[in-house]
Visitor: 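Sending over a structure as structure tokens; questions will come in a sec.
Remember, it's 1-based here, ligands and their atoms both numbered in the order they're listed.
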Amino acid sequence: MYRGAAIRTSVMKKRSRKEIILIALGGNALIKKGEKGTAEEQFRNLKTPISQIARLSKDYKIIITHGNGPQVGNLLLQQECCTSVPKLPLEILVAQTQGQIGYMIESTLDSELMALGADAQKPLVSLISYVVVDEKDPAFLKPSKPIGPVYRKEEISTLPYPTIKTEKGYRRVVASPRPITIVEKKEIISLVENGFIVICCGGGGIPVIRYGRTFSGVDAVIDKDLSSAKLAEEVGADIFIIATDVEGVALRYGKPDQEFLRTINTQEAMEYLSDGYFPPGSMGPKIEAAIAFLEKGGKRAFITSIRSIEAAVKGLTGTEIISSNSIQ
Ligand code: ADP
Ligand code: MG
């Protein structure tokens, strides 16, 4: 039996009836296009996904993960603007974003649960999470993860760091190694089984390299969709929802003949991925994450808008990725 299945079986034995939904919230969905990323904007934007998650928590056990691309990039800029205090390495900035976004999600969720009444109350926890990466990962030699603000082409020659062109414009790029395992997976399982809603793996987790029994942080940002898929596998989640700022997955995205997909099987998804329909650093890792989750025995995977989380769970909108093995 492969490892994911072994963990899944042992988790299922211990599990009570409610299914686990793992919802991955995009960092870009918290700061919308054209916004500066003020605290007010992020709190306002969070109400949309979090009010839905509060309602879903009646029927499902919930794990929330989140991105941090814009937020960690802003922290980098803040420390580059202030030279009189020591600069902190990227892994500590990732930890900071787990704290700041975890706090915003947790307090918003608390208010939304309160609004649903006394019966809806649940214990909440935001967990600082480490994710193990391989120090020999070739990603360290080829940075691919866009973070921070969007720049115009004319601005990039003045920047002191490398940038890449994304669909939204030019952005700073850092190494993005693959997640190997989530260090706190046992704690997360235990919290979820005890009724907690857990916010964890923020920004893809703090990237660490394991040396025997100790960990050491590294300068990188792990893709949160890939970490979320790894976490979903390791805790035995049933449903995996990747919530972002588009309604679903499209072919020829952004072109006049773009076509949104309601369902796509893992075999087709892999083919489109290798044909370049889903770019690395945005839709590519979401598709890869959904495929990985289903291949490790996950039941349902969706890519949808933060506005449509509940509708996607009901199968009414978004893109559902379906395991090719389950198609007769
Ligand atoms: P998040 O912060 O949610 O991870 P990303 O920017 O990483 O957001 O990924 C979502 C973006 O992917 C969308 O805003 C869209 O611009 C882009 N995208 C690229 N290719 C596609 C595609 N084929 N279908 C839908 N969206 C796509
Ligand atoms: Mg992303």
Visitor: Which of the atoms in ligand 1, numbered in the order shown and given with their element, are less than 4.0 Å from a heavy-atom of Lys224?
Guide: 4 (O)

Visitor: Can you sort out which atoms of ligand 1 are near Gly26, meaning under 4.0 Å from one of its heavy atoms?
Guide: 1 (P), 2 (O), 3 (O)

Visitor: Strictly below 4.0 Å, N to O, side chains only: are Lys32 and Asp245 in salt-bridge contact?
Guide: no

Visitor: Just jot down the ligand 1 atoms closer than 4.0 angstrom to any heavy atom of Phe278, in number order.
Guide: 23 (N)

Visitor: Nearest non-hydrogen atom to atom 12 (O) of ligand 1 belongs to which of Ala24, Ser282, Gly69, Pro280?
Guide: Ser282

Visitor: Mind checking the CD1-CG spacing from Ile53 to Leu113? Nearest 0.5 Å is all I need.
Guide: 10.0 Å

Visitor: Would you say Pro279 touches ligand 1, if touching means a heavy atom closer than 4.0 Å?
Guide: yes

Visitor: Of the backbone atoms (N, CA, C, O) and the side-chain heavy atoms from C-beta on, which set of Val246 has a member under 4.0 Å from an atom of ligand 1: side chain, backbone, both, or neither?
Guide: side chain

Visitor: Any heavy atom of Gly248 sitting closer than 4.0 Å to ligand 1?
Guide: yes

Visitor: Can you check whether Ala250 has an N/O within less than 3.5 Å of an N/O in ligand 1?
Guide: yes

Visitor: Is Lys36 salt-bridged to Glu41, going by a charged N under 4.0 Å from an acidic O?
Guide: no

Visitor: Does ligand 1 have an atom that lies less than 4.0 angstrom from a heavy atom of Gln258?
Guide: no

Visitor: Check step by step if salt bridge (Lys or Arg N to Asp or Glu O under 4.0 Å) holds for Lys61 and Glu193.
Guide: CA-CA 8 Å; Lys61 294 178 173 179; Glu193 289 310 315; 3.1 Å; yes

Visitor: So do Cys200 and Glu184 actually touch side chain to side chain, heavy atoms under 4.5 Å?
Guide: no

Visitor: How about OH on Tyr103, more than 12 heavy atoms from neighbouring residues, nucleotides or ligands closer than 6.0 Å, or not?
Guide: no

Visitor: Are Tyr272 and Val249 packed together at the side-chain level, in the sense that at least one heavy-atom pair is separated by less than 4.5 angstrom?
Guide: no

Visitor: As an exercise, identify every atom of ligand 1 less than 4.0 angstrom from a heavy atom of Lys168.
Guide: 6 (O), 14 (O)

Visitor: Tyr60 and side chain to side chain contact (heavy atoms under 4.5 Å, CB included): which partner among Ile23, Ile239, Asp238?
Guide: Ile239

Visitor: How does Tyr277 reach ligand 1, by side chain, by backbone, by both or by neither, if only non-hydrogen atoms under 4.0 Å count?
Guide: backbone

